[in-house]
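Contents: one structure, followed by commentary.
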Amino acid sequence: MENKQVYRLQGLSCANCAAQFEKNVKMIDTVKDAQVNFGAAKLTVMGSATIEQLEQAGAFDRIKVIPEKEQKETPSVPFWRKRANLLAMISAFFLLFGYIASISVGEKSVVTIGLFAISILIGGYDLFKTGIAHFFRFQFDMKTLMTIAIIGAALIGEWQEGAVVIFLFAISEALERYSMDKARRSIHRLMEIAPKKAIVRRGGREYEVNVDDLQIGDTIVIKPGQKIAMDGIVIRGESSVNEAAITGESIPVYKTVGDEVYAGALNEEGALEVRVTKRVEDSTIAKIIHLVEEAQAERAPSQQFVDRFARYYTPAIMVIAFLVAVIPPLWLAGEWQRWIYRGLTVLVVGCPCALVISTPVAIVTAIGQAARQGVLIKGGIYLEEMGRLAAMAFDKTGTLTKGMPEVTDIRLFGSTSEKELLEMAAAIEKHSQHPLASAVLRKAQQQNLSLDRLHVTDFRSMTGKGAAACIHGTMYMIGKPSVFSDHLVPAEAHEEIQKLQQEGKTVILLGNEEKLLGLIAISDQVRSSAASVIKTLRKLGIEKTVMLTGDNAATAKAIGESLGLTDVKAELLPEEKLTVIKEIRNELNCVAMVGDGINDAPALAAATVGIAMGKAGTDVALETADVVLMADDLRQLPYAIRLSRKTLRIIKENITFALALKLFALLLIIPGWLTLWMAIFADMGATLLVLLNSLRLVRLQ
């Protein structure tokens with residue numbers, strides 16, 4: 001197995017820096033491949049490299065590398081105490097005294113120039129170190145542009161402007177770092193959900209241990225008010241558990257013996273003892289964190305466009321700046337100092353900060369915010385695709401319905417009582433594994449019927465039809481109406497069967513070779529929120545809503561009409577669901593498939609976006625779908641679509657604004673209306689507005 005190491009990165013606030021750092025790491029001889037996840041501030045290395053080698057690769061950007069497994073909680077450093085911000089404040093101090101000196105002793109004074117020069121050197125120390133190194137390596141990024149511009153300003157005597165530019169650029173960098181840290185905070189909050197310690201019971205004694213030391217099969221004790229430390233099964237106790245951290249659903253869920261619980265969930269009332277079923281790295285919350293971080297690393301189509309554009313944009317700005325500085329003095333008798341100044345202004349205004357940050361900060365914020373609301377989006381591409389959806393297909397069982405059939409009606413056609421009929425049906429069905437059999441058994445248990453009173457022998461299953469067994473020597477059959485001969489089913493029973501099927505219910509009959517005793521109607525109850533969600537989706541512009549099911553046409557039609565779906569496809573095999581999805585995709589281009597993540601894998605894969613109901617089969621759903629609704633709550637669908645559309649809108653606004661401002665500023669340079677400090681102020685303003693615009697996504701609920 002190839003050696004794989006994962007590290008956390010501190011000091012990574014610039015998308016360009018991340019790309020360059022990744023290139024530098026890949027150049028290490030012992031490294032086969034490397035990937036930097038800018039959104040999660042994470043480095044994955046295939047091969048081997050020491051911490052010193054990795055930090056040397058990011059030395060110019062002062063990147064600190066920490067092995068993921070060794071990462072500890074670090075105290076938050078106040079904004080003004082961070083090294084870069086301290087240097088900026090000291091630079092501002094000398095800048096202020098430089099202004100005072102320029103008023104008192106003049107701009108050309110050695111004292112004034114000295115103060116501005118000190119301000120430039122202190123505020124721009126890190127910038128110059130990186131920019132000069134990149135220049136000689138022909139790695140042209142925003143720090144290279146700024147370095148050339150400031151050194152050029154000093155050479156033509158514009159010390160004051162150079163100092164102002166350094167100060168404003170430092171502020172811009174600080175704001176960018178702060179905003180990226182804020183965007184990443186959603187992941188950090190997820191990491192803090194699960195406790196780091198657990199009370200484990202071994203050999204009759206209780207110990208507090210690190211969760212990393214827990215083994216599968218250990219018994220952990222969770223007292224009221226404590227968080228559950230590890231995924232497991234309740235073996236003793238009962239309590240209400242708040243799973244909002246995992247599913248986004250704030251209503252507590254009642255848990256008792258045999259129920260599954262998740263790491264990070266809050267035990268609210270009773271004491272629980274839980275048998276650990278997963279290691280810490282395999283827990284549901286660990287998988288969610290991993291998938292969210294990977295999702296933030298996946299470049300959305302808009303981000304791929306920006307990255308390609310920026311690759312050519314920066315060298316183009318350098319060429320334009322050179323031409324602005326050289327052509328007028330050489331061919332139009334322009335003044336050298338004036339046009340060199342304007343060329344330097346082009347470099348400053350052309351700094352791609354706002355453009356490069358326009359997409360990733362929006363993607364990181366949106367995916368992190370969605371995860372906190374219980375919607376796991378596994379990549380920027382799916383976030384964008386959801387905003388373009390025109391159609392949505394739903395599996396019926398477990399998606400539009402609760403996935404737990406219930407007995408709704410019992411009809412008698414002889415002298416047998418309802419209690420006797422249900423008792424006989426349950427006595428036969430307790431040997432079956434069919435979901436309809438489970439519904440009959442639950443109904444019998446609700447009525448406290450004894451399933452052992454009747455002597456049942458010779459049970460046999462009739463695949464796809466029902467079951468049969470001897471009760472006290474008489475053979476009884478239970479199953480579809482087609483199991484029974486026509487002469488056994490009276491006319492009134494036929495009418496009742498048709499009526500119940502039209503209501504969307506599945507009908508099973510119980511009888512023997514001589515007579516029909518009665519029928520039982522079973523229905524998988526529709527989710528209470530399904531109809532309102534379908535209505536909301538239509539308002540959001542989802543023009544086609546389709547239900548795909550293997551159930552009979554009458555049942556499917558009844559449910560489809562009650563929910564207001566535009567189309568219903570019934571009696572489908574899994575491969576036929578796949579065909580329907582392909583047909584819709586060919587017709588409308590973008591279609592989502594919503595299923596349980598287990599039985600609908602082919603259709604989920606064929607859809608533009610596969611959306612799984614996560615709670616029914618969390619592990620499978622996390623692996624198979626593009627989007628997972630962790631709470632099995634259909635009401636999260638409209639939220640996900642609104643979030644996607646708002647993210648798309650914000651990204652477009654960011655890119656448009658960044659490019660438009662650059663173009664406008666470039667036009668102002670030619671007549672000389674834009675100074676160096678105005679150029680960097682405009683760039684800083686654009687970066688700040690792009691960041692603030694992206695962080696609006698945090699407010700979307």
Side-chain angles (χ1 to χ4, degrees), residues 14-16 19 38-39 142 172 175-176 179-180 182-183 186 295-314 316-317 349-370 373 375 377-390 537 539-543 588-592 608-609 626-627 638-667 682-701:
C14 159
N16 275 335
F38 174 58
M142 60 183 179
S172 178
L175 290 171
E176 190 174 329
S179 300
M180 279 308 303
K182 188 174 179 65
S186 57
Q296 291 179 332
E298 291 288 330
R299 287 177 169 82
S302 57
Q303 188 173 350
Q304 291 173 359
F305 162 75
V306 169
D307 289 346
R308 287 195 302 269
F309 182 81
R311 198 177 305 154
Y312 302 104
Y313 172 83
T314 306
I317 286 293
V349 83
C351 184
C353 297
L355 181 63
V356 171
I357 206 72
S358 62
T359 303
V361 72
I363 296 291
V364 169
T365 303
I367 290 177
Q369 181 66 12
Q373 298 295 326
V375 180
I377 302 171
K378 293 169 66 174
I381 184 170
Y382 307 118
L383 183 68
E384 289 198 11
E385 291 290 0
M386 276 197 299
R388 302 189 181 99
L389 289 175
L537 291 174
K539 288 180 179 178
L540 288 172
I542 306 297
E543 57 187 82
L588 297 174
N589 196 32
C590 287
V591 59
T608 312
V609 181
D626 305 319
V627 177
Y639 163 77
I641 291 173
R642 286 196 299 269
L643 177 69
S644 172
R645 291 180 178 174
K646 187 169 184 179
T647 305
L648 278 174
R649 186 167 63 251
I650 282 175
I651 288 172
K652 289 175 182 175
E653 289 170 357
N654 287 349
I655 294 173
T656 302
F657 179 76
L659 289 176
L661 189 63
K662 299 292 182 192
L663 181 60
F664 178 70
L666 286 170
L667 293 175
D683 181 72
M684 182 186 72
T687 301
L688 180 59
L689 287 174
V690 161
L691 293 168
L692 292 176
N693 194 34
S694 299
L695 292 175
R696 286 167 50 211
L697 291 164
V698 174
R699 298 203 306 269
L700 185 66
Q701 299 293 329

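As the structure is a computational prediction, the values presented were derived from the model and not from experiment.
Taken from CD1 in Ile377 to CD1 in Ile367, the straight-line distance is 6.5 Å, to the nearest 0.5 Å. Taking CD1 from Ile363 and OG from Ser694, the interatomic distance works out to 9.5 Å, rounded to the nearest 0.5 Å. Distance CG/Leu389 to CG/Asn589: 10.5 Å, rounded to 0.5 Å. Once rounded to the nearest 0.5 Å, the distance linking NZ of Lys652 with CD1 of Ile650 reads 12.5 Å. Within the model, atoms CG of Leu648 and CG of Leu643 stand 9.5 Å from one another, a figure rounded to the nearest 0.5 Å.
Minimum heavy-atom separation, Thr647 to Ala362: CG2-O, 4.2 Å. Nearest heavy atom pair, residue Val627 against residue Val609, reads CG2-CG1, 3.7 Å.
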message: Leu697 vs Gln369, test: side-chain contact (heavy atoms from CB on, under 4.5 Å). Steps then yes/no.
response: CA-CA 8 Å; Leu697 291 164; Gln369 181 66 12; 5.7 Å; no

- request: Could you go through the side-chain contact (heavy atoms from CB on, under 4.5 Å) check for Ile381 and Asp626 one step at a time?
  value: CA-CA 10 Å; Ile381 184 170; Asp626 305 319; over 6 Å; no

task: List the steps and the verdict of side-chain contact (heavy atoms from CB on, under 4.5 Å) for Thr608 and Arg388.
output: CA-CA 10 Å; Thr608 312; Arg388 302 189 181 99; over 6 Å; no

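Partners of Arg696 under the salt bridge (charged side-chain N to carboxylate O under 4.0 Å, His left out) rule, at least two apart in sequence or in another chain, are Glu653. Under the rule for a side-chain contact (heavy atoms from CB on, under 4.5 Å), the partners of Ile641 that lie at least two apart in sequence or sit in another chain are Met392, Leu537, Leu540, Ile542, Arg645. Residues passing the side-chain hydrogen bond (donor to acceptor under 3.5 Å, both in side chains) test with Ser644, sequence neighbours excluded: none.
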